[in-house]
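The residues of the chain are indexed from 1 along the displayed sequence. Owing to the predicted nature of the structure, the values given are computational and were not obtained by experimental measurement.
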Amino acid sequence: MLTSEPKKNLVLIVDDVEQNVTVLSQVLRDAGMNVIAAFSGEQALRLVEKRLPDLILLDVMMPGMDGILTCKELKQRERTADIPVIFLSALSETDTKVRGLESGAVDYVAKPFNEREVVARVSVHLTIRNLQQERTEHIRQLERLNNEKDRLVRILSHDLRSPLGGINGLATILRDTDEAKNETSVRHFSKVICQSSEHLLALVNDLLDLAAIESGSIALNPQNYDIVDELRSLTELLTYMAATKGITLTLDVDKESYPVTADKPKITQVVNNIVTNAIKFTKEGGVTLAVSTIEIGGERQLIFKVKDTGIGISKENMEIL
């Protein structure tokens, strides 16, 4: 099995003395790092716009823009503010070191530098930066997963309302009307209530399985069944929801039977969402769920169409869909 090589950190060396740059470059390359160089503060600022280093070794004493001014400018820019800067300096005055650290540097290396010390200090700060970047990415990933969880909870909450509303409607009819005296009606309503309860159970199982959903490992469970029978049961349930708004719901199929192999709860859930949305935004008239087949790539595929007399979908939302 092929494995990718670990990422090499990129270090920018900024020093106006070419010999220093040459020696430091070789030392860091021997330690397994990639190196780029600039010979002035101005050149360094232009270079970081094109290539973003993981760490900067910055000489303090340079003609023109010195290291402290360069560091301050780097820290004021959003793209480079979090890049660790280590100063290189032959100066030993405490005041200079303090001013350098106040400008945003994380460390100092004194000239003439010791090769092992340079590698050790650079490695430590690269390790800290890499850990900080990993932590930031983990936080972003957790935020994405949390947002996805919230979105799924909202979707499932919407999905739960329809079968619960249907069950409540049928139970109310049996309680408050003479249908309870009709054995055929009782059996029929009981069948629809059972089917709706099974659909609810499937939704609850999905809700409890959020870990699998978040990891992208949702399992499909295809089974052989007649989708027309399932759609009839669904529309019978949703008919009561439509009736409470004074509108009709019609199932239009061009065949009495459509044997399919599919994940029944998930297909039913998708159709349920579309139809209930149509009912929700239709104030008068009715909603029609039409089912037919079409040949695509030599295979017969089912086509679901929902037509209503409601407000329709705006162009902006159609683009989102």
Side-chain angles (χ1 to χ4, degrees), residues 1-62 65-142:
M1 182 176 64
L2 295 176
T3 56
S4 59
E5 294 184 2
K7 171 194 169 186
K8 287 186 176 182
N9 287 114
L10 180 65
V11 178
L12 168 61
I13 301 172
V14 187
D15 197 317
D16 61 314
V17 179
E18 185 174 351
Q19 183 179 1
N20 289 341
V21 173
T22 301
V23 173
L24 280 171
S25 296
Q26 190 58 54
V27 169
L28 296 178
R29 288 193 179 101
D30 290 344
M33 305 172 199
N34 289 327
V35 179
I36 55 177
F39 297 95
S40 69
E42 294 87 350
Q43 185 182 6
L45 294 175
R46 291 193 297 270
L47 185 57
V48 294
E49 291 299 317
K50 300 176 181 178
R51 295 189 68 183
L52 205 62
D54 297 299
L55 182 141
I56 299 174
L57 278 172
L58 181 59
D59 187 27
V60 174
M61 300 299 295
M62 294 185 295
M65 179 179 281
D66 65 18
I68 291 177
L69 288 176
T70 304
C71 184
K72 287 181 177 179
E73 180 63 28
L74 288 166
K75 296 304 172 182
Q76 288 174 0
R77 298 184 180 186
E78 184 177 354
R79 290 187 74 242
T80 56
D82 65 340
I83 298 175
V85 175
I86 298 178
F87 274 129
L88 300 167
S89 177
L91 300 176
S92 59
E93 290 87 350
T94 301
D95 180 63
T96 302
K97 292 182 178 180
V98 170
R99 287 195 303 118
L101 294 172
E102 288 177 345
S103 70
V106 296
D107 207 347
Y108 253 94
V109 173
K111 293 181 180 179
F113 52 81
N114 177 280
E115 295 181 2
R116 292 179 61 188
E117 180 188 1
V118 171
V119 171
R121 291 182 182 274
V122 169
S123 297
V124 166
H125 289 290
L126 282 174
T127 299
I128 293 172
R129 174 172 170 78
N130 292 337
L131 290 172
Q132 288 174 335
Q133 289 179 325
E134 288 178 11
R135 176 178 175 272
T136 300
E137 181 55 34
H138 287 159
I139 291 173
R140 288 173 182 166
Q141 185 177 6
L142 287 172

Q) Looking only at heavy atoms, which two atoms of S89 and Y108 are closest? And how far apart? A) CB-CE2, 3.8 Å
Q: Please determine if E42 and R46 form a salt bridge, counting it only when a charged side-chain N lies under 4.0 Å from a carboxylate O.
A: no
Q) Between D66 and V60, is any pair of side-chain heavy atoms under 4.5 Å apart? A) no
Q: Please check if the side chain of D59 supplies one atom and the backbone of V14 the other of a donor-acceptor pair under 3.5 Å.
A: no
Q. Do side-chain atoms of K75 reach the backbone of I83 as a donor and acceptor pair under 3.5 angstrom?
A. yes
Q: Apply side-chain contact (heavy atoms from CB on, under 4.5 Å) to the pair R77 and L45, showing each step before the final yes or no.
A: CA-CA 10 Å; R77 298 184 180 186; L45 294 175; 3.9 Å; yes
Q. Can you tell me how far OG1 of T136 sits from CG of L131, rounded to the nearest 0.5 angstrom?
A. 10.5 Å
Q. What's the shortest heavy-atom distance between L52 and V48, and which atoms?
A. CD1-O, 3.8 Å
Q. Side chains of N9 and N130: closer than 4.5 Å at any heavy-atom pair?
A. yes
Q. Nearest 0.5 Å, what's the CE-CG distance between M62 and L88?
A. 9.5 Å
Q | CD1-CE distance between I68 and M61, expressed to the nearest 0.5 angstrom | A | 9.0 Å
Q) Can you check side-chain contact (heavy atoms from CB on, under 4.5 Å) on T70 and I56, steps first, answer last? A) CA-CA 11 Å; T70 304; I56 299 174; over 6 Å; no
Q.
If you count heavy atoms of other groups shown closer than 6.0 angstrom to CD of E115, is the number above 12?
A. no
Would you list the atom pairs, donor with acceptor, under 3.5 Å between side chains in residues 15-39 and any protein atom, with sequence neighbours excluded?
residue	atom	partner	partner atom	Å
D15	OD1	V17	N	2.9
D15	OD2	N20	ND2	3.3
D15	OD2	K111	NZ	3.0
T22	OG1	E18	O	3.0
S25	OG	V21	O	2.6
Q26	NE2	D30	OD1	2.8

**Q.** Of L126, I86, D54, the residue whose pairing with V11 passes side-chain contact (heavy atoms from CB on, under 4.5 Å)
**A.** L126
Q. At what distance, to the nearest 0.5 angstrom, does CZ of R121 lie from CG of L55?
A. 12.5 Å
Q: Sort and list the pairs that fulfil salt bridge (charged side-chain N to carboxylate O under 4.0 Å, His left out) and have at least one residue in residues 131-141, not counting sequence neighbours.
A: E137-R144
Q) Roughly how far, to the nearest 0.5 Å, is the CD atom of E73 from the CG atom of L69? A) 9.5 Å
(Q) When you compare the side chain of L58 with that of C71, does any pair of heavy atoms fall below 4.5 Å? (A) yes
